[in-house]
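Before any comments, here is the structure.
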Amino acid sequence: MLPPREPAGDADGEASPTSRFGGAATTEGGDETNTEGDDSPSDKVVRRQMVHRQASKEIIEGIRRKRSTSIQSSTHDDDAQDKIDAEEARWRIPASFFYDPSSPELNPPLEDRELPRQGTRAARFMGFDFSRINNAVWTSNEEFAYITGHVVCFMNIHTRQRRFLHGRDNGGIGAVAMSPDMTYFAVAERSITSQPNVYIYSFKTMRQTDALIGQSQTCDLHAYKKRGASVDRHGADSGSGASLVRVRSPSCLAMDGENDTLGNETFLEVQEEIEEEIVSEDLCSALGIYAVHRCSAPRAGHTCAKAYLPPSAGQTRCRWNDRCMRCLPPPLYLNDTGCNVDGVFFRADGSCPYPVQGDVCNACAEIYLQEVCLGLCSDLCIWTNLSRFRGVFCTLRDPPPPPDQTMLLRILMIGGGVIGFFVLVYACRVLCRGVLAAREKAKQQRLKELQSRAKKGKLGAAKSMTTTRRVATRSETALDMQAAEGAASAGRTSMSLHSAGSMASLESRQDEAGTAQRSKRASVASAASEQIEEGGLRSLAESVQEEEEEEFMMKEKALRMLKAPTELTHWTTAEGKIEVALYRILRKGTMRGYASVAFSPHNKNHLAALGCAPDYLLSVWDWRNERLLLKCKAYGQDVFSIRWGQFPGMLTSVGVGHIRFWKMATTFTGLKLQGALGKFGASELSDISGFVELPDGKVVSGTEYGKLLVWEGVFVKVELMRAKEGTSAQEAATNLAGSPHAGAIDVILSDKENGLVISGGDDGFLRWWPIDEIDSAEADYDNGILEYGIRMRKEVRIPPSSEQHIYPAHIQHVAICPDGETWLVQDSRNGMVWLYDIASTNCNMVFSCHSKQVTGTVVSSSYSGLMMSCGMDGTVRAFNVSQAWDNELFRDARPLANAGVGATCIDATPELVDPSKRTVCVGYTDGTIRAFTACADGFLQLQALKPHKCMVKQLKYSGEDAGLMATLGEDNSVFFFQVQMLSEHAIPVGFVSIPSTVNFFAWDDTSGNVLLSLGDGSLLVLKSPIPESVDNTESYDISVNYISVMPDVPEIEDSDDEEEDEEDAEEAPEGEGDGEASPTAEEQPAETEGEADVDEEGKKKKKKKKKEKEQKAKDEDEDGEGQKEVIVTSVSRAIYIPGEGDDSERRIIFTGTGKYSGGLWECSLFGIQESRAAEVPLSERISTQLPGMLRSKLPKNINVTHLSLSPAGNWIIVGFADGRIWLVPRMSGCFLCANVSDGISGAVNSVQMNDDESMMVVAAGDGSLVTLLVSEELLNVAHLKAEGAEVNMEEAGDQLQQSIPELPETSMEGWSLPPKEAPGVMAINPDITDPEQYSIQDAKLKAEEDSAKAAAELKKLRVRERISEIREELVDLQVKNSQLVEAQLVGSDMVVDQEYINHLREDMENQIEQASA
């Protein structure tokens, strides 16, 4: 069976009932088939089928007659609707219009020095942007979409297959949304150079092709038997003279871009013939009958997908059909026609079945069962209440319109309108008179100026001829517009028919219009000349502005109408890339990028988009016609999301410290967007990201502090708390157990069927709360108590607690599958997306990646496809980039003791240290460095050291010969380590403290010196220390010789194009409320020679005015009147590159801010003498002035965050803060630009190339991790362009695209990595988990201090021992003296110095008196 034909001109894509059931079957000759005279079983069934189809046709035709009669009666002799239609025709876009992917509007031209963008191609996307609160959107029951950098990834949760949709603007993807009917996909983007757009894609095409890929269906010709041939039980043709009709399947025609009206008519004819071939149950084979019964048993989509069938033509599972809510055999599984089983005919293409007895579906209102209404009669009937299975809920899909009973109301409205019209006309006349008087005065003044300038000779004959040509050109343009309108009418006809005859008609109308135009040119030109001669300057001055506006509008309208629909392109299975039909482009909705976008569930034409910084604009669009309906500033700070309410015209936006309720209201001046800011009142102010609207209009929102707020109107009605377990509903209000969640609540959902509200947040729990208790909650305003307790019904931890998952999830977002059975949980703490089954409560990981910015990458040169990365989430991960998806192999995460510690940098050990090249060293925010070796079963940690007390900003190994490693701390100290063998890895040598901010350092592989980029605008070269000559026994603080230079660079001169762009940007209006796109350069009228001269004079005057403004600004700054932001000159990145030609001297290229901004500069240190640190310390250094030259221009006012040289030295790689990278050939000044990450938060942190320079891995601040393949011919094209040869960029782009190499797929088993327990590899020291651990320097100083204290204590002990010995001698002498009879000494005789003793006593008494006072 084939899909029903869409009627021409139907905007929403719904098929009409007439096309579904068609008319009577016909033979090849076109005559109706008569089956009454044949008594065969086939004729009996055919007769019943004809009755069913004829009855359905009569019902539908009756409905259409009633509708047509009602409409004609209500609009008879009323031209108001005709006027409205004529007004709408000015901006309405045909429903069949699609954008041409090759149009210049969608393919911006290359810059002068830019290489074709086809030179690189993104191959793997291994990131997920967890900074976006809502970064998961379901596109079907099996597939969801998420954003990473510049692409939207589509992932199948069953097959894990991924496909990618690339962004069109250069700032990344801001937000995505799916239309409620799952037909259109909106991509709101961001831009770094211009205003971003919202792109609407036709998702119907994507789903059709997705089905083809999932089923492995081939586009072969399928045979359909004509009338008169019998079919045996197994579908074999037993007739001898039966003719066969071979046509392509519908999905194959969709793939080929042939799904036009003529093809659908062929399908309908074959469909009728197939339906008339139903003979009996013998038509279905045993396998088909089994498949029908097997697939009819499941009652839901998730159970249907698990129903497996015997293999047949590649199909193994049943398919769920949302239209009839049934599980059916897959397409073409039964046979070429279908199966009649149990009185139901199951179609071969997997579409909805229908009963053989046609009268079952004649009266939809009499059907009381949902499974009959939707399951069997879905072509004609529709179930209006999906939550109920029984009852009077079945009605016609296209019900007749209600009778018009508003005649009296219309008479009153017309009478009031007439009165109001006359009042309005009188007011307008008074207003217009004043306006006309003012205009007349301005025209008189302008005429005087023109006449005076003409007298002075500034206009002269050239101006007259120019004016003549301009008038003639405008007249010709008017004729062009008339011809364009006629051609557009033919174009719309061709859009609906898609036939060669229609296109020929279109060409003929265009030729006729061109002939008419040429025939009137002479008369127009002569009339214009007479006008000038008779003093037509006045008339020209009056009509110039009106003619220009009319000309632009007509040209824009003609351009839209003349665009023919293009061939649709779809999924491509080779690389998983998506190329889909671009349906609409919404322009000028915001300045920099979008934060959220949402389709309206009430009006299929409305879409809301929320802009991010700096304007935070909320825009409402009529997206089908690309019309901006409303635009308003949403808030003054960051906004998170916009969501449509459950009532038409209602929206809610949330963000930093606010919630705002919007209403689209019709006022006297037109449609307006009114926003009411929520007032927290006595509640604590909080950021809001999750909220849900209750059935009665109240809103429940989450908070940062774990409470649930109930909003009624714009005020907080009550703060919901968690009640103690076991309490009743009455007791729960005051028996509080605490906040609903421990931490922020970011997710609020609604389960309307069960009457529950679901919340989730930072503590990793999903909790269910009853809506009835929330609705009845009341605050105690008398006592000032807003808290109210409600009982929790259920809770689930994401993920379940285990040894493998020690951290609970930070639930940022929950996306519910359309079938309601499967949830996607976005976990920003663990960097995972979980798949939660609501029925079985199983929680499985969908994929894992870095949850914060990726700070570094390493590409292995020994194992093809092995790549390792680190991120601010503290993890080190290994990937196999040769696989199409599921690239992550294993990871190392920090334990609970190091929670919050991030990894800042990573580098691979040289071959001298690790010949296998599978060891990396990683720096962390707590000042530690750790060495890891990749093994078959994960990372093995070899060593852990703590060289810094602060964050490690950079870590880098030197060349193979030097055997050193350096780390840069946030305290601007550079620590050197000696690395020679893996068993010892890093041995501390010493550190050098730099008295200035160090932004970056680079090794010189030739000399072993270290080049530092300093924040004071200077370059500092440190001589690398020799480990054997460094004395670090007492301290690791060392000093080395150095070279300090201050580059002197010239000012970059702006080109004429850049100046014009800046001038146009200044003159452009800040905001345009109408949302209309400005005319492109192609739409501007052609300039004549006279106009070119005048414009040249205008450009000179504009340049002169610009210089005067700059001089005035400088004078104001000198006088202190103007306050201009001071940009500090700083070197952000600097590296060494080899000399060119015979020059063997290493040169330095650098860039930075201030005077270094906007350029890549080059200098040489040849002849600069080094300074001795012993004579001139670094704190007293004097930088030598060094001339620098401009090597290449860079984008203005964009910070460079990465600068490196490719392994083979052919490319200079530049990464920017706005997410783009440049590949600059080392021998030329051209470049290739690739946008890989978000333009706001996706600063490029690391770019690594493999050894043959065919692939590079880019890590960015938005969590994106992308691999880019580089064309083999890109370097040759760059050399040709540098030599001045003429290169056709289009042909070169095609050649580059064809020469991009493919990644050979390898497996981890092919690498033969040893396990952790393999001999020869063992840990050097245990891990450092104590945050209070001493650094290497502090540990040494502490040890020295401890030894000094021990030596002092030992000396004190020796003195005490000597004193005790003297005391013992004194006692012995006193004893001997007492034993003498003669010559015995008295006490005073034994005092050596009595005066000294008296002095000591006085001193002691004085101290006692001072202490007592």
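None of these values were measured; they are calculated from a predicted model. The first residue of the sequence shown is numbered 1, and numbering continues consecutively from there.
Proximity of a side-chain donor or acceptor of Arg1226 to a complementary backbone N or O of Gly1209 within less than 3.5 Å is detected. For the pair Arg190 (side chain) and Tyr594 (backbone), a donor-acceptor distance under 3.5 Å is present.
Under 3.5 Å, the side chains of Asn170 and Ser191 contain a donor-acceptor pair of N or O atoms. Checked by atom type, the side-chain pair Gln853/Asn1245 shows a donor-acceptor distance below 3.5 Å. With hydrogens and angles left out, the side-chain atoms of Glu1253 and Ser1206 include a donor and acceptor closer than 3.5 Å. Residues Ser1241 and Ser131 bring no donor and acceptor atom of their side chains to less than 3.5 Å of each other. With hydrogens and angles left out, the side-chain atoms of Glu189 and Asn197 include no donor and acceptor closer than 3.5 Å. Of the N and O atoms on the side chains of Ser1237 and His150, not one donor lies less than 3.5 Å from an acceptor on the other residue. Looking at Ser1132 and Asn999, their side chains never bring a donor and an acceptor atom within 3.5 Å of each other.
Using a cut-off of 4.0 Å between Lys/Arg side-chain N and Asp/Glu carboxylate O, Lys953 and Glu970 are scored as not salt-bridged. A salt bridge is absent between Lys1281 and Asp112; no separation between the charged side-chain nitrogens and carboxylate oxygens falls under 4.0 Å.
Qualifying ring-ring contact (aromatic ring centres under 6.0 Å, His included) partners for Trp1222, counting only residues two or more places apart in sequence or in other chains: Phe1216, Phe1231.
Taking OG of Ser1271 as the start and CD of Gln118 as the end, the distance is 10.0 Å to the nearest 0.5 Å.
Taking the six-membered ring for Trp and the full ring otherwise, the centers of Phe847 and Phe128 sit less than 6.0 Å from each other. In summary, the aromatic rings of Tyr583 and Tyr99 are positioned with their centroids too far apart to meet the 6.0 Å limit.
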